[in-house]
Protein chains: 2
Amino acid sequence: MKDVAARAQVGLKTVSRVVNGEPGVTADTVQRVQEAIAALGFRRNDSARLLRKGRTASIGLVLEDLADPFYGPMSRAVEETARAHGTLLIHGSSAALPERERELVLALCARRVDGLIVVPAGDDHRYLEPEMAAGLATVFVDRPPGRIDADAVLTANFAGARAGVAHLIAHGHRRIAFVGDRPGIHTAAERLRGYHAAMAEAGLAVDASWVALGPTGPDRVGPAVRALLEGPDPVTALFTANNRITVTAVRVLAGRGLPVALVGFDDFELADVVSPAVTVVAQDAAELGRAAARLLFGRLEGTARAPERLELPTRLIVRGSGETPPS
Amino acid sequence: MKDVAARAQVGLKTVSRVVNGEPGVTADTVQRVQEAIAALGFRRNDSARLLRKGRTASIGLVLEDLADPFYGPMSRAVEETARAHGTLLIHGSSAALPERERELVLALCARRVDGLIVVPAGDDHRYLEPEMAAGLATVFVDRPPGRIDADAVLTANFAGARAGVAHLIAHGHRRIAFVGDRPGIHTAAERLRGYHAAMAEAGLAVDASWVALGPTGPDRVGPAVRALLEGPDPVTALFTANNRITVTAVRVLAGRGLPVALVGFDDFELADVVSPAVTVVAQDAAELGRAAARLLFGRLEGTARAPERLELPTRLIVRGSGETPPS
DNA sequence: CTGAAAGCGCTTACAG
DNA sequence: CTGAAAGCGCTTACAG
């Protein structure tokens with residue numbers, strides 16, 4: 001910019017005016033500056049600009065794994081909202097490691113992102129308190145923050161799971177298994193609670209062996225599902241508590257002839273094409289992202305207000321697998 | 001930092017030394033400074049730091065759509081490599097609009113990202129020439145850059161498609177359709193070329209009505225596939241040229257009883273579970289991202305070298321749908 | 001071991 | 001209409 005000013009024989013401020021299209025510069029001067037800009041190939045350095053302005057026009061999004069199909073639409077929705085606000089999006093995957101979540105979040109804070117959207121991996125977010133006290137807008141999504149009060153956008157996990165399990169019960173099932181994520185994860189715990197509620201409301205006792213919790217990879221889920229379907233007194237229906245688990249269950253069921261009822265939490269691509277098509281409790285990942293971004297920019301632009309908690313409804317999509325009667 | 005210095009009664013440089021763990025400060029001084037840091041809740045502003053350092057420790061990734069399952073693993077791979085280099089990742093979706101790609105890329109340039117990875121939406125990247133001449137490291141991925149010379153990591157689209165179509169021919173098919181993306185897209189054109197090559201090598205004439213090109217949404221692909229399978233002299237096999245198209249084709253085929261052979265370009269989740277399981281020409285999206293990131297950081301750390309072009313091989317995964325004989 | 005001065009590339013607040 | 005000075009929050013190069 002200094003070079004441009006020198007070449008156009010004007011002051012720095014005049015170059016700044018031209019670059020930013022501010023009024024109050026003679027057409028003649030504007031042209032001289034523009035010629036110098038073109039000749040020197042000058043481009044404004046937005047990082048320097050934003051340092052002076054006191055914001056970064058960027059927000060951070062920390063989630064579990066960008067490669068998980070659940071997070072793609074969510075990220076995209078956040079990105080679109082950010083774009084509408086002239087803001088860039090910095091991404092980070094925590095790989096479900098609390099330590100990595102913290103590291104990423106603090107790196108983003110050090111960059112002074114204007115706001116932060118976090119899908120928690122850990123269950124203690126007190127490390128964010130100083131940042132939030134200093135004015136960092138933060139919204140948690142998919143899972144609530146741990147040990148601090150902050151904006152959160154969640155899915156109705158309890159109600160959704162309860163409705164899914166009740167659906168299986170309504171179709172005559174009594175021996176229903178729950179295959180879920182590790183119980184330390186909020187969504188997993190809520191969905192499990194929904195399962196227990198539906199069973200209790202129908203007056204059905206739950207055998208401890210019907211509940212299989214753990215990592216969502218096929219290595220754990222495959223054997224767990226097979227175990228539930230074997231033995232002297234197998235379950236007649238499965239409630240799978242997230243899309244990674246459902247997909248593995250579908251794969252296992254496809255390998256056996258026996259009809260087993262299945263309802264999954266989360267919709268997934270081709271759920272309508274596999275045979276039988278999979279009945280799911282769908283949540284809207286994109287809307288989760290949109291709502292979180294809306295809350296975030298609301299907070300960035302508005303006045304201070306108390307933390308808000310939004311809960312988005314689920315939708316039962318009936319496709320066939322959940323309506324199989326008990327064998 | 002000024003406040004910390006004042007409170008600890010030291011100079012700015014000493015605070016800087018403590019914050020960065022540089023040697024040459026008395027234990028006593030270190031402690032005074034650390035107390036001041038804790039009392040004031042000071043956190044270094046990395047944006048300011050990096051401005052002074054002349055880099056931003058961030059790279060930009062511009063792709064078509066973060067919500068497309070093809071890009072999730074690719075992004076994640078780029079992110080992991082960036083992480084290993086202490087670099088953050090800024091994401092942008094072009095929505096396949098050349099104008100939006102340009103806008104995003106230039107916004108990232110204005111932020112002075114250290115490097116850029118681009119999945120092109122447009123076919124003219126001369127707008128990047130001044131930036132690249134000024135030292136911006138840039139790698140194109142999935143599709144080559146248009147009208148400039150630059151690093152690129154591509155899939156062997158031509159060879160992969162040729163092998164996929166040859167596979168159908170080897171299983172007795174003569175009337176094979178090609179359902180692909182708009183021909184302006186490089187990958188689409190290459191795959192079409194592979195189809196024509198395989199047909200020509202087998203001495204088979206291609207009826208113009210067998211080639212259906214256009215947008216990859218179900219609105220276009222669904223009717224196109226149905227049209228190919230109806231009429232007096234329908235095709236007996238389909239080659240679908242990307243995962244969005246294949247998924248729609250699978251959906252259409254599931255709705256009819258007749259066996260039609262199918263080979264798709266790109267693998268996708270549950271390809272092994274739908275019935276029949278789908279034979280695909282798989283490409284490695286994660287490796288595409290990893291290779292691109294490796295090239296980028298190689299360029300950032302190394303000396304200048306001529307632009308490089310990598311081509312990753314595809315893998316034919318035989319699952320059943322591609323081995324259906326002609327009806 | 002320690003710190004004052006200059007600078008990264010911009011904008012703000014002000015004066016002429 | 002125009003520009004010199006100060007400042008955003010740091011680091012670099014240097015001197016003591």
Side-chain angles (χ1 to χ4, degrees), chain A residues 1-34 36-37 40-58 86 106-114 130-131 134-136, chain B residues 1-34 36-37 40-58 86 106-114 130-131 134-136:
Chain A
M1 205 160 117
K2 212 160 57 178
D3 298 340
V4 172
R7 182 173 180 120
Q9 310 199 57
V10 297
L12 271 178
K13 177 62 209 176
T14 299
V15 177
S16 175
R17 282 194 185 96
V18 172
V19 167
N20 296 308
E22 288 168 26
V25 188
T26 332
D28 190 51
T29 311
V30 169
Q31 194 182 340
R32 264 210 334 281
V33 172
Q34 273 167 347
I37 287 175
L40 270 50
F42 168 82
R43 308 244 186 179
R44 181 178 70 192
N45 180 332
D46 276 348
S47 292
R49 168 170 220 250
L50 291 164
L51 171 63
R52 190 58 180 83
K53 290 231 174 229
R55 18 170 257 129
T56 56
S58 60
L106 290 177
L108 291 165
C109 289
R111 296 291 178 104
R112 298 291 191 274
V113 290
D114 299 332
E131 313 288 349
L136 177 71
Chain B
M1 206 160 114
K2 212 160 56 180
D3 297 340
V4 172
R7 184 175 179 117
Q9 310 200 59
V10 297
L12 272 178
K13 177 62 209 178
T14 299
V15 178
S16 175
R17 282 195 184 93
V18 172
V19 168
N20 295 307
E22 288 168 25
V25 189
T26 332
D28 190 54
T29 311
V30 169
Q31 195 185 337
R32 266 213 330 281
V33 172
Q34 273 168 348
I37 287 176
L40 270 49
F42 169 82
R43 310 243 186 180
R44 182 178 69 192
N45 180 332
D46 276 348
S47 292
R49 166 170 222 249
L50 291 164
L51 171 63
R52 190 59 181 85
K53 290 234 175 226
R55 18 172 256 126
T56 55
S58 60
L106 290 177
L108 292 165
C109 289
R111 296 290 177 102
R112 298 293 189 272
V113 290
D114 299 333
E131 313 289 349
L136 177 71

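Throughout, protein chains are lettered first and strands after them, A, B, ... in sequence-line order, and every chain is numbered starting at 1. Not measured: the values here are computed from a predicted model.
Side-chain nitrogen and oxygen atoms of B:T26 include none within less than 4.0 Å of the OP1 or OP2 phosphate oxygen of C:dC1. Contact between the side-chain N/O atoms of B:K13 and the OP1/OP2 oxygens of C:dA4 is not found at any separation under 4.0 Å. The side chain of A:R49 places an N or O atom within less than 4.0 Å of a non-bridging phosphate oxygen (OP1 or OP2) of C:dT11.
The nearest pair of heavy atoms linking B:A57 to B:D114 is N-OD2, 2.8 Å.
Between B:A48 and B:P23, the residue whose closest nucleotide on DNA chain C is further toward the 5' end is B:P23. The nearest heavy atom of DNA chain D to B:R17 and to B:F42 marks one nucleotide each, and the one closer to the 5' end goes with B:F42. Mapping A:N20 and A:K2 onto DNA chain C via the closest heavy atom, the residue that lands nearer the 5' end is A:K2.
Here B:V10 lies in heavy-atom contact (under 4.0 Å) with sugar-phosphate atoms only.
One atom, CD of B:E22, and another, C1' of D:dC10, lie 12 Å apart when rounded to the nearest Å.
B:R32 pairs in a side-chain contact (heavy atoms from CB on, under 4.5 Å) with only one of the listed residues (B:V10, B:V25, B:V4), which is B:V10.
Applying the 3.5 Å distance criterion, the base of C:dG9 shares no donor-acceptor pair with the side chain of A:R44.
Of the candidates C:dT12, D:dT2, D:dC10, D:dT2 carries the atom nearest the A:T14 side chain, counting heavy atoms from C-beta on.
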